[in-house]
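Report on one structure; see the data block that follows.
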Amino acid sequence: MPTFEPLPSHLDLPRLEEEILERWQRERIFERGLAQNRSGTPFVFYEGPPTANGLPGVHHVLARSFKDCFLRYQQMLGRRVERRGGWDTHGLPVELEVERSLRIRAKPEIEEFGVEEFNRLCRNSVMEYIDEWERLTSRIGFWLDMADAYRTYDATYIESVWWSLSQLHQRGWLYRGYRVAPYCPRCQTSLSSHELGQPGAYRDDIPDPGVTVRFRLADDPKTSILAWTTTPWTLPGNLALAVGAQITYVRVRQGDERLILARDRLSVLEGDYQVEEEFLGSELVGLRYQRLFPYLEEQEGAWQVVAADFVSTDDGTGVVHTAGAYGEDDLRLCLDLGLKVRHTVGLDGRFLPFVTDFQGVFVKDADPAVMEDLSRRGLLYRSETILHTYPFCWRCETPLLYYALDSWFIRTTAVKERLLEHNRSVHWVPAHLRDGRMGNWLESLQDWNLSRARYWGTPLPIWVCPECQKERCVGSFAELALPEGFDPHKPYIDEITLPCPCGGVMRRVPEVIDCWYDSGAMPFAQWHYPFENQEQFEREHPADYISEALDQTRGWFYTLLAESAMLFDQPAYRNVVVPSLVVDERGRKMSKSRGNVIDPWKLLSETGADALRWWFYTTVKVGQEYRISVRRVAEGGVRFLNLLWNTQSFLVTYANLAGWVPGTGDGDASHVLDRWVLARLAEAVGEARAGLDRYDAHSACRAIQQLVDDTSTWYLRCSRPRLRGGSAESAPAFATLHQVLTETARLLAPFTPFVADAVYQELEVEGAGATGSVHLLPYPEAGPVDHGLLEQMAAVRRLAEDARASREEAGVPIRQPLSAARVTGTELSAELRQVLEQEINVRKVRCTSPDGPLAIELDFELTPELRQEGAVRSLVRQVQSCRKSAGLRPGQPAELFLSGEDRLLEIARLGERQLREQCFLAEVTLAPAGTPVPERLDYRSDVKVEGEVLAVGLGTAGTDAPMHGAP
RNA sequence: CGGCCCGUAGCUCAGCUGGUGAGAGCGGGGCUCUUAUAAAGCUCAGGUCGUGGGUUCGAGUCCCACCGGGCCGACCA
């Protein structure tokens, strides 16, 4: 009965993982882990809810890998780690999916189709891929409680969101405002900044007119102020001209007219001119000019020069044409000046009837007509075509307009300082994001445009009285006396009215809210706070840890922070790990149109989840892009796991052969190699913990990788003679390797949960302390590290390298024993000298002078005895090689036949004992050259030893032959 | 235009608070290993550590400028 289950010779990672997965489910390992730590200190994690109406991609595997490893680690430290899943269910992406399936092309068609049915389809659509998400999440080993996941469309969730909005409203932080936003005249809705960030929204090199226009002074029509614009269609709406108070302007004479523009912009003038006067912009303020078009009504303060801080001399004339409704700066300026702003263009993007000359024309089509009109009246100074970047609707490709609309805003600017302060308390990984990307974003904070003129979302809970304009923000369902089971979505909620103290009937405003607000509300809304679970929420806010990809800086990371700061004056999370983007092998973004998207399932089936996870942790440090391909994951991830597997396979093979039983030889690690590998283990444990404690998976994994590499390529390599069994020293060697591998499995558990558990389960010793899974064990503790030994061994390895190099140079293979070597630069203990002697195959290593540079010098003088020994070794190696080709496993007894020249037979005779032992030979026959190989030996081959040919015959011997090393 | 990140061997990337041959993996050439075998090791690459300055006894590692690549924001008149 072997100690360990014999391992398959080939590691099939995907299959192994499927088996482990089944075991976890069967034995309820996840649940047992949670139960085990029930009384531990909570380690709070927030799951950023994905929108489940699309298929998950590799980048989701990336984020989930990072989420998982720190959670597993904290659980192994004894923390109580709940991981509640969640789904983001509202918003335009969902509506779009449904629009597409209904072949709806414009917003009015939704109303025609019916909002009730439309929203019903949205609700179904959003959960369409949920099975796929759950399957992937489970397959990659991300332990997440999906059975009890929160959903943002749940009534309880919505009620909590309402509560939060009413809190903001009470503080005056939720208000209606008239603002300019990017607006799609076809979809008839403004777009969120998030949508403007969609690929393809901004397009480069879009041609537009660039026109320089004369604004004649009211008191002096021979003098004009020049202003430049790329949107001639906004000129009928002109209300003012803005200049920079501290910018220097000039008046020039050109022909019989005078022109005013910034001194730095004289280059826009065509032809000769004479500068007549220079003055600051402040001197122009208050000048009145003739309006270009007669459509807008007269009002106090209109058509004058004003000062504004946003004016620059980077382009144009240094004078900004200001049309109130079609530019953010413009509108703010006009409102500051107390000017009444009136639209010249309707919601459909066409000129309103009172703009008689252009009425009904779509604005972009009206540009030439406007220019022609100005030109005819001598007001067009210059026109050209410019190329610039311009935003388009990412759904219907209509050019967007900047358009003033009534919207509801959250006054985030009121708490900007608090946001910055809370952000400073967050531990960002990578650190530069805190003051870099996130800090910058907060510094340039604008009020949050919350409302959306759409259908599928959390309804904005504001009721307004049409009579007295009184507005009320509802903070609970009770306030509306909603019946049990009422669906608070549109259109049902719009039926609910409230009596107004003035006697009127209050109706809800039609808008829903930005779905990003929903996700930012998850810390409290997932618990239906404050209506339920108050303690739960208070205990679990802020989160200890969150992790999402880089694109969430202005998304979820921001909405969480903003809402927690405004509602609770707290940060929402203490540690945040932000992996960068996944790109293709050549560094290009993945996109469907480019066809370079990698299906996560392809990777999972070819390389497995652990290889992918390991590759994510180790290939680059957090913050760098992940250039992914199946080939790369195989090179980085599979390779490492394979090395670990081989190491384990070695232990299993030889421990079984030797009949070694765990528990024997423990605590007797007196051999220098054992002490060394245990020191390396202790060092790696310290590094792994240090890395994990600061949320640095990369360093932790690199330390573990180095440990596995050292174990395999140095400890195992040098320990092979002991591990082959037989000697009294083998038990401690087995015990040490067993310990190192078991601890390595525990170190790896957070990162490669499948392979770690497979290794652990293979090696676990039955009886007390056996848990059945590595994931139910504590994380290894770092013991004292023998740094002196580590340094000494490093020197030995360096010396071995140098010795091999000089052997190479001298053309003397390692199998040829040498008599002596001389080491300078260090003093090695006898046991270390022995390691070196064995590794470089030298009889005697002497350390002559401990000072000076580290070096080794080999004595290449060969005695006949040394030569002979080398020849025996060469012969043994050839026979081993034949055994391998013959398919004989180590330990399997065999019969050997050799025939050749006398000189070779002599070598064989001298080395026969060695040959029998090392090659597991029950029978050895030596015969003169030319003797045929006996029939019964199936394997025949000619090998070369010492330059001469030797015929080899190999066959299995009787099973009753004694097995070397067996008890 | 502004912010941030990156620029180290043919390729992909490590190099913590500046300090004793500038590293790993992959690819390629040459080898080796007493059966971990669809494995491992050694060795070769003569790497201006993007360029140019500066600080220092000493810089890939700190500072400045510039060049190149990426991401994000602003491109508004």
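So you know, we letter chains A, B, ... as the sequences are listed, proteins then strands, and number each from 1. Keep in mind that the numbers below use all heavy atoms, side chains included, and drop hydrogens, waters and symmetry copies.
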State whether Arg804(A) places a side-chain N or O below 4.0 Å from either non-bridging phosphate oxygen (OP1 or OP2) of U32(B). no

Presence of Lys621(A) side-chain N/O under 4.0 Å of G15(B) phosphate oxygens OP1/OP2: yes

Establish, from distance only, whether the side-chain atoms of Arg873(A) and Asn841(A) form a donor-acceptor pair under 3.5 Å. yes

Just name whichever nucleotide pairs with U48(B), Watson-Crick or G-U, keeping both distances under 3.5 Å, else none. none

Looking only at atom P, what distance separates A65(B) and U43(B), rounded to whole Å? 43 Å

In whole angstrom, give me the gap between the C1' atoms of G25(B) and G15(B). 15 Å

With both distances kept under 3.5 Å, what pairs with G41(B), Watson-Crick or G-U wobble? C31(B)

Please give the distance between the C1' atoms of C5(B) and G47(B) as a whole number of Å. 24 Å

When rounded to the nearest Å, what value does the distance between P atoms of G46(B) and G7(B) take? 23 Å

Regarding Leu716(A), tell me which of base, sugar-phosphate or nothing describes its non-hydrogen contacts under 4.0 Å with the strands shown. base

Work out how far the P atom of A14(B) is from that of G58(B), and round it to whole angstrom. 30 Å

Between A36(B), C13(B), G3(B), which nucleotide has the shortest distance from any of its atoms to the side chain of Arg627(A)? C13(B)

G73(B), A36(B), A39(B): which one has an atom nearest the side-chain heavy atoms of Phe650(A)? A36(B)

Base of A36(B), side chain of Ser712(A) - is there a donor-acceptor contact under 3.5 Å? yes

Using a heavy-atom cut-off of 4.0 Å across all strands, would you classify Ser444(A) as base, sugar-phosphate, or nothing? nothing

Can you tell me, in whole Å, how much space there is between the P of C71(B) and that of G10(B)? 25 Å

Do Trp428(A) and Asn423(A) have a side chain donor and acceptor closer than 3.5 Å? yes

Are any of Gln705(A)'s side-chain N or O atoms less than 4.0 Å away from OP1 or OP2 of A24(B)? no

Whichever of Glu328(A) and Leu581(A) has its nearest RNA chain B nucleotide further upstream toward 5': Leu581(A)

Of Thr234(A), Thr231(A), Thr229(A), the one forming a side-chain hydrogen bond (donor to acceptor under 3.5 Å, both in side chains) with His321(A) is Thr234(A)

Now, which nucleotide makes the Watson-Crick or G-U wobble pair with G73(B), with each of the two distances under 3.5 Å? C1(B)

Touch check for Gln648(A), heavy atoms < 4.0 angstrom, all strands: base, sugar-phosphate only, or nothing? nothing

At less than 4.0 Å, is any side-chain N or O atom of Arg720(A) found next to OP1 or OP2 of A36(B)? Yes or no. yes

Electrostatic pair Asp802(A)-Arg797(A), nearest N-O below 4.0 angstrom: no

A45(B) and G30(B): how far apart are their C1' atoms, nearest whole angstrom? 13 Å

I'd like the P distance from C4(B) over to C76(B), given in whole Å. 24 Å

Hey, does the Lys NZ or Arg CZ of Lys364(A) hover above the aromatic six-ring of Tyr390(A), less than 6.0 Å from the centre and inside 45° of the axis? yes

Can you figure out which of G41(B), C76(B), C33(B) approaches the side chain of Arg873(A) most closely? C33(B)

